[in-house]
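Heads up, the thing below is written out as structure tokens.
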2 protein chains.
Amino acid sequence: MYQKTETYQKILNEAEKLFATRGYDASSIRDITTNAGVNLAAIHYHFGSKEKLLEKLIKKKLKLLNKQRLSALSNLEKKACGKPLRPSDILDAFFGTLFDMFDDKNNGGDMFLRLLGRASLEQNSNLWSIVNLEDNNVITKFKSALFYSLPDVPKIEIVWRFHFMIGATSHAISGTGISKIFNTAEIKPESKTTSRLLLKKRLMPFLLGGLRSPLPMKTNNNLKP
Amino acid sequence: MYQKTETYQKILNEAEKLFATRGYDASSIRDITTNAGVNLAAIHYHFGSKEKLLEKLIKKKLKLLNKQRLSALSNLEKKACGKPLRPSDILDAFFGTLFDMFDDKNNGGDMFLRLLGRASLEQNSNLWSIVNLEDNNVITKFKSALFYSLPDVPKIEIVWRFHFMIGATSHAISGTGISKIFNTAEIKPESKTTSRLLLKKRLMPFLLGGLRSPLPMKTNNNLKP
DNA sequence: GTCTATATCATGATAGAC
DNA sequence: GTCTATCATGATATAGAC
């Protein structure tokens, strides 16, 4: 892929900067184009709309993330020589990369997650469906690895738990409601840096515990009491 | 609390309906006031702004939810006669009520979660802090119950895991990314109704597994290899 | 093809008359 | 409390310059 035009790149860079610092709604296309030194209508010309511009940014980030995920999984599989992987390693390959991207402040890592979250909440947004397509191959590969790794667990349960793990992780990373939870006299709050460093170490056992927890009862439970 | 004025109530009702169906951004104050049969300026007069109107709605829902939560917890504690509660019961009291509210389609249950999610993502929104205050008493009580129920687990770990559980639940309930996860040939998709009914049954073991999973290693690990 | 200038529209907010 | 008029802003469409 070549560089596209200079205007195109200027807009992309400025939008990423502004979205990251102010958020999507607070970044007007007037702000973006003015700061980028281009015309107001340039966003419409190059991207179609402000929303499409956001799409472009998200897809760019997502592509990078998923490349890292697949690479991590592939490395694990090479070492395993056809044997099932350890669930914890699979989770590391999937969620660990996300943490790395999140910690990459210079590349607007947390903005990415925030915007992804926003995209999933907007009712009339087609952003999420676009993200799905992009992500589908990765999800499929990781699900397969989990199926193979946990042959005694029904696939449908694994899929559900994958879903739950993604939720816990998104929420934890975006920091939603952190202060609410930690604001009590009983707990001496850790410094922000400390908890940041420890977050991954804390979340991973939680995810693994959830993934491996006993299966729910069948709806029609015919066992004797 | 008395009825306030008729106009006030009309706006509240119409706003709840429109936010639930179209989302916040797509519901203009012109739509709301027109449908409600009141003047355009009435929202500003009675609530101050569109955002404040949303606040009002969220607080109303939240108050109801938290009342139910405290009531459920209180019932458990009465039955326990001072003994620690079972973790699964505590989770039921906290998350089960959320599921019930979510399933209350007639009262705009899923709109509530969507708007709450939105509120937490908007950077310059003070909605979340308002929600915090409202929620603080409830969180504190449930944390205490968990501390008492799991005396061998460090409090800080319990708090973190509470946070993770909330994330998994929000994500699961809002349905974010469901299609992404389930779209593969390997799994025959359950009907929407079925998975809805089974969601709670599936999530609870996951949460419990996460809550009770082995603790993470200390950062400074002095144990011999 | 790339970009700019301009016009137009919808929205949230507000002032002031009644 | 209610209403009309008006404003500032953001988003978008179009015409046309280079």
Side-chain angles (χ1 to χ4, degrees), chain A residues 1-58 111 114-115 118-119 121-127 130, chain B residues 1-58 115 118-119 121-127 130:
Chain A
M1 195 207 280
Y2 64 109
Q3 268 293 98
K4 301 257 182 171
T5 73
E6 198 190 337
T7 304
Y8 182 94
Q9 285 299 333
K10 276 196 212 160
I11 292 171
L12 222 46
N13 291 336
E14 188 59 32
E16 180 163 350
K17 204 190 303 175
L18 282 183
F19 288 164
T21 51
R22 305 183 189 172
Y24 177 82
D25 288 330
S27 308
S28 71
I29 61 173
R30 273 175 231 272
D31 290 338
I32 297 170
T33 50
T34 304
N35 287 8
V38 301
N39 185 269
L40 171 64
I43 286 182
H44 182 256
Y45 174 76
H46 283 286
F47 300 92
S49 70
K50 190 186 172 191
E51 181 111 350
K52 289 269 178 63
L53 169 58
L54 175 58
E55 261 179 39
K56 205 65 176 178
L57 281 171
I58 289 185
M111 158 300 228
R114 200 173 272 276
L115 293 181
R118 177 192 173 281
L121 284 168
E122 286 297 319
Q123 205 147 36
N124 287 339
S125 172
N126 61 343
L127 272 177
I130 285 156
Chain B
M1 194 209 282
Y2 62 108
Q3 267 293 99
K4 300 258 177 164
T5 73
E6 198 191 337
T7 305
Y8 182 95
Q9 285 300 333
K10 277 196 212 161
I11 292 171
L12 221 46
N13 292 336
E14 188 59 33
E16 180 163 350
K17 203 190 304 176
L18 282 184
F19 288 164
T21 51
R22 305 184 190 174
Y24 178 81
D25 287 330
S27 309
S28 70
I29 61 173
R30 281 173 177 78
D31 291 337
I32 297 170
T33 50
T34 303
N35 286 8
V38 301
N39 186 267
L40 171 66
I43 286 182
H44 181 256
Y45 176 76
H46 284 285
F47 299 91
S49 71
K50 190 186 170 190
E51 181 110 351
K52 290 269 179 60
L53 169 58
L54 176 59
E55 262 179 38
K56 207 62 176 180
L57 281 171
I58 289 185
L115 294 179
R118 178 192 172 281
L121 283 169
E122 286 297 321
Q123 207 147 36
N124 288 338
S125 171
N126 61 342
L127 273 177
I130 285 157

Between Ser27(B) and Arg22(B), the two heavy atoms sitting closest are OG-CB, 3.8 Å

Closest to the side chain of His46(B), out of dT2(D), dA13(C), dG10(D), is dT2(D)

Here the distance between atom P of dA11(D) and atom CG of Leu53(A), to the nearest Å, is 11 Å

Taken to the nearest whole Å, CZ/Phe47(B) to P/dA13(C) is 13 Å

Considering only NZ, NE, NH1 and NH2 on the basic side and carboxylate oxygens on the acidic side, decide whether Lys17(A) and Glu14(A) come within less than 4.0 Å. yes

Taken to the nearest whole Å, CD1/Ile11(B) to P/dG1(D) is 11 Å

> Is a donor on one side and an acceptor on the other found under 3.5 Å between the side chain of Thr21(B) and the backbone of Leu18(B)?
Replying inline: yes

In short, salt bridge (charged side-chain N to carboxylate O under 4.0 Å, His left out) pairs touching residues 36-46 of chain A with sequence neighbours left out are none

Discussion item. Taking 4.0 Å as the cut-off, does a side-chain nitrogen or oxygen of Thr5(B) come that near to OP1 or OP2 on dG1(D)?
Written reply: no

In whole angstroms, the gap separating P of dA13(C) from CD1 of Ile29(B) amounts to 6 Å

Result for 5'-nearest mapping on DNA chain C, choosing between Ala42(A) and Arg30(A), is Ala42(A)

So, with a heavy-atom separation below 4.0 Å from DNA chain D, the residues of residues 33-41 of chain A are Leu40(A), Ala41(A)

Quiz prompt | Ring geometry between His46(A) and Tyr8(A) (parallel below 30°, tilted from 30 to 60°, perpendicular above 60°) | solution = perpendicular

Please work out whether the ring planes of Phe19(B) and Tyr24(B) are parallel, tilted or perpendicular, with thresholds of 30° and 60°. tilted

ask   = Taking OP1 and OP2 of dT14(C), is either one under 4.0 Å from a side-chain nitrogen or oxygen of His44(B)?
value = yes

Ile43(A) atom CD1 is separated from dA13(D) atom P, nearest whole Å, by 14 Å

(message) Can you tell me if Tyr45(A) touches the phosphate of dC3(C), counting only side-chain N or O atoms and a distance under 4.0 Å to OP1 or OP2?
(response) no

- Query: Do Asn39(B) and Thr33(B) come within less than 4.5 Å of each other through their side chains, counting heavy atoms only?
  - Reply: no

Rounded to whole Å, the CG-P distance (Asp25(B) to dG10(D)) equals 15 Å

Between CG of Leu18(B) and P of dG12(C) the distance, given in whole Å, is 11 Å

Between CD1 of Ile32(B) and C1' of dT11(C) the distance, given in whole Å, is 12 Å

